[in-house]
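Residue numbers start from 1 in every chain, and the chains themselves are labelled A, B, ... in the order their sequence lines are given, proteins ahead of strands.
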Amino acid sequence: MKTPAENGPTPGLDFIRTIVAEDLEAGLHGGRVVTRFPPEPNGYLHIGHATAVCLNFNVALENGGVCHLRFDDTNPETEDIRYVRSITEDVRWLGFDWGEHLYYASDCFEQMYGFAEHLIREGKAYVESASEDEIRDARGSVTEPGSPTPSRSRSVEENLDLFRRMRAGEFPDGTHVLRAKIDLASPNMLLRDPVLYRIRHAHHYRTGDEWCIYPLYDWAHPIEDAIECVTHSICTLEFETHRPLYNWVVENIPVGCRPHQYEFARRNLEHTVMSKRKLLELVEGGYVDSWDDPRMPTVAGLRRRGVTPEAIRTFADLAGVGKTENRIDIGKLEFAIRDDLNQRVPRVLCVLRPLKVVITNFPEGEVEHLEAPYYPRDVPREGSRVVPFTRTIYIEREDFQEDPPSGYHRLAPGNEVRLRYAYVIRCDEVIRDERGGIAELRCTYDRATRGGKTEGRTVKGTIHWVSADHSVECEVRLYDRLFLVPDPEEAGEAWKETLNPESLVVIHGARIEPSVREDPPNTRYQFERLGYFWRDPIDSESEAMVFNRTVMLRDTWVKQGEAAEELPTKPKAEVRVERHAETSTSAPEPERSAALEARRERYVRELGVGDAEGEIITREDATAELFETAIATGATPRTLANWIVHEVPREAGERALSELPFGGQELGRLVVLLEDGTLSSSAGRDVLAEMTTRGGAPDEIVERRGLHQISDPEKLGLLVDEVIAQNAKKAAEYRDGRTGLLGFFVGQVMRKTGGRANPEVASKLLESRLR
RNA sequence: UCCCCCCUGGUGUAAGGGCAACACAGCGGUCUUUGGAACCGCUAAUCCACGUUCGAAUCGUGGGGGGGGAACCA
């Protein structure tokens, strides 16, 4: 077991977990963490959903919180009870428990309606009577603001009356909608008076005919979260632009809880598709047999293929969480599956394409019972079964070659090979059929190698086999990746042409050792040298066994062959050569008032402010004012401008300058302290941080926290020696030429002094003493 | 065209001013009654430019590339 130190830095949390940890730290939400998995019951869950399920449940679990399962059933036209059943089953199968927290959006319809009336009374929503097309036209475009429709100016009373009559069913579909009154000129189109309710005289699978108006996602979802007191509402990236609307809703309705939405990039997988539409097309077009076809990336498909929930959860961990578009290597999923199965399933022997072998020196009619362990020595599990050995056996056709390539370890004329758990045999003769094909092999066995023992002799190859008389015929379905290419969507409309014609190869007449007849039907196996398999849960009768291949074994032998055929890959440099050399160096000048332009001129020409900085601080009056007030303190304009542009925004974050609790006076003073050597730039940032959060005068903060810079070479020298002594190994590396470590040492000195050391002096001292 | 988000080895994720890390894949080796597993080693990355800084993958500006957004879908 490695210690964390030997393992290097401990891996950091993903950005979602970081936010949750910070919120907990800050005591938000009363220390509670509540997440939710909110599927719409209009399709089957796939592996992308599965990673989202894992994320939501695990984030809650890791923080002592709970995760709700909530069906987002606000669209009666597409949703169905059978999907809630399959989704429920899938989430449970994945191993997650929502306890009592099973919810339906449709249970909140009454409350949502109430909040809508509240909005109307507040003058924040109105009934729109324009047609769908008219609404769209009036919404404007990305470059032009929208314009109000006549409905927008209706009175509260009229809106209330109309909305109640909408609910009462007085109007046909599409005649009216309820809209939020937000901002028709917003650059975010979603804020241009979004539709909250539409009329649909449709039967809902849960509420029946109780409602004829249904809420839209942007209205329903935040309310559901708020009602359930969800703290962290995790969704996918395409909802990023919805967040301001989400916030608007939770801030404008009278509920006690204030959830926040965070978006992550859905996990995509190589060699498959995930969209509901494409998956449906595969099923309906007969490209696969069903939603639970083992080639489908659906949870049901993976389950039927023999994948374990543990493997899927491991895969989710391996894939991680991020905000980048991604397509995860299918090898990662396969690794997770093998890694799980390797540790837990018994090995058995099965021959896919049998080749008859007669052991000529083994007596006819005799049966030898050999004991074979179920697990290899490196898997800490017990158990064995008996395999019968007879005069006639079958081996894999692939395991014999008349003219083997070099490095081939299996059977060939005159060669020896070990039969797993049995004997070493030698091939003496090849018997042909009429067409010249190989019909049968005549071999002799070495009685002394019983159980496969070969003392004093090396037999490189070991192959699997079954007794001809005792083995059981079975069907084996070899599943492979569904698409030939990693990203089928890249082919556009032709995506189905990239389907892998060999994604399913059915083998009839395979032969498996008899012991499996005694096993429970849901037993998973490794067929030695072939892969992991289990019986198809639907098509497998006890008489006619059907096995699905869950995943192949890693095969470094095949890979060697493939690698040889592989074309040399293009050097990466090629891609990089053609960079846009012609990018203009002068930044385009945004429009600004004549007054601001005059200031920019003066700052840059007369005060020595940098070009870029001068341009930035004259974009807005407030910034220029801050700058002017600050130079009055005697700070050097150039340095001051640098701090305003490069340091202040970092601390300020989302806040505007006017919201900060300090002004030019304080900022100027801070820069003066920096310039006269009182403060190191590192400590200066600390001071600025405090000024930003709490306000206060720089001098006072420096005094109180004792942040005066240490520039005295003697004092620093002592610290430098200490740091070198404490990091002797690194010092040696540095002296060996790893000079990049200088930053590390400076960092150590800075840390030791709480940022008070003069880094320039420290750096010089380090350089000379490390020489 | 306007707004928002993203860009670290082949892939996915860390490091969020101070040692570019982990996993998968790949390559080589040890071991092996599975050409499996395990173990050891190696290869391989911060989109570009300029700036701020003692020090930039990290902060700033600009550019490039990718994704999302104007449903009475979610």
Check your understanding: Would you say the base of A56(B) and the side-chain of His646(A) have a donor-acceptor pair closer than 3.5 Å?
Key -> no
Practice item. Please confirm whether any donor atom in the side chain of Glu613(A) sits under 3.5 Å from an acceptor in the base of U52(B), or the reverse. Key: no
Exercise for review: Could you give the distance separating A20(B) and A56(B) at their P atoms, to the nearest angstrom?
Suggested key: 13 Å
**Study point:** For Ser711(A), all residues meeting side-chain contact (heavy atoms from CB on, under 4.5 Å), sequence neighbours excluded
**Key:** Gln709(A), Asn758(A)
Check your understanding: Among residues 370-380 of chain A, which contact RNA chain B at a heavy-atom distance under 4.0 Å?
Key -> Pro376(A), Arg377(A), Asp378(A)
Practice item. Not counting sequence neighbours, which residues clear salt bridge (charged side-chain N to carboxylate O under 4.0 Å, His left out) with Asp329(A)? List them please. Key: none
Check your understanding: Checking only heavy atoms, does the side chain of Lys730(A) share a donor-acceptor pair with the base of C19(B) at less than 3.5 Å?
Key -> yes
Check your understanding: Is there a donor on the side chain of Lys332(A) or the base of A23(B) sitting less than 3.5 Å from an acceptor on the other?
Key -> yes
Point to revise | Base G12(B) paired with Arg267(A) side chain (donor-acceptor, <3.5 Å) | key: no
Review point. Using 30° and 60° as the class limits, which term best fits the ring planes of His242(A) and Phe239(A): parallel, tilted or perpendicular?
Key: perpendicular
Check your understanding: Can you list, by residue number, the residues of residues 755-766 of chain A that have a non-hydrogen atom closer than 4.0 angstrom to RNA chain B?
Key -> Pro759(A), Glu760(A)
Point to revise | Passing candidate, side-chain contact (heavy atoms from CB on, under 4.5 Å) with Phe264(A), options Val321(A), Thr324(A), Leu237(A) | key: Val321(A)
Point to revise | Residues in side-chain hydrogen bond (donor to acceptor under 3.5 Å, both in side chains) contact with Arg457(A), at least two apart in sequence or another chain | key: Glu416(A), Asp446(A)
**Study point:** Which nucleotides of RNA chain B pair, in dot-bracket form (Watson-Crick or G-U under 3.5 Å, | meaning another strand)
**Key:** .((((((..((((....[..)))).(((((.......)))))....(((((..]....))))))))))).....
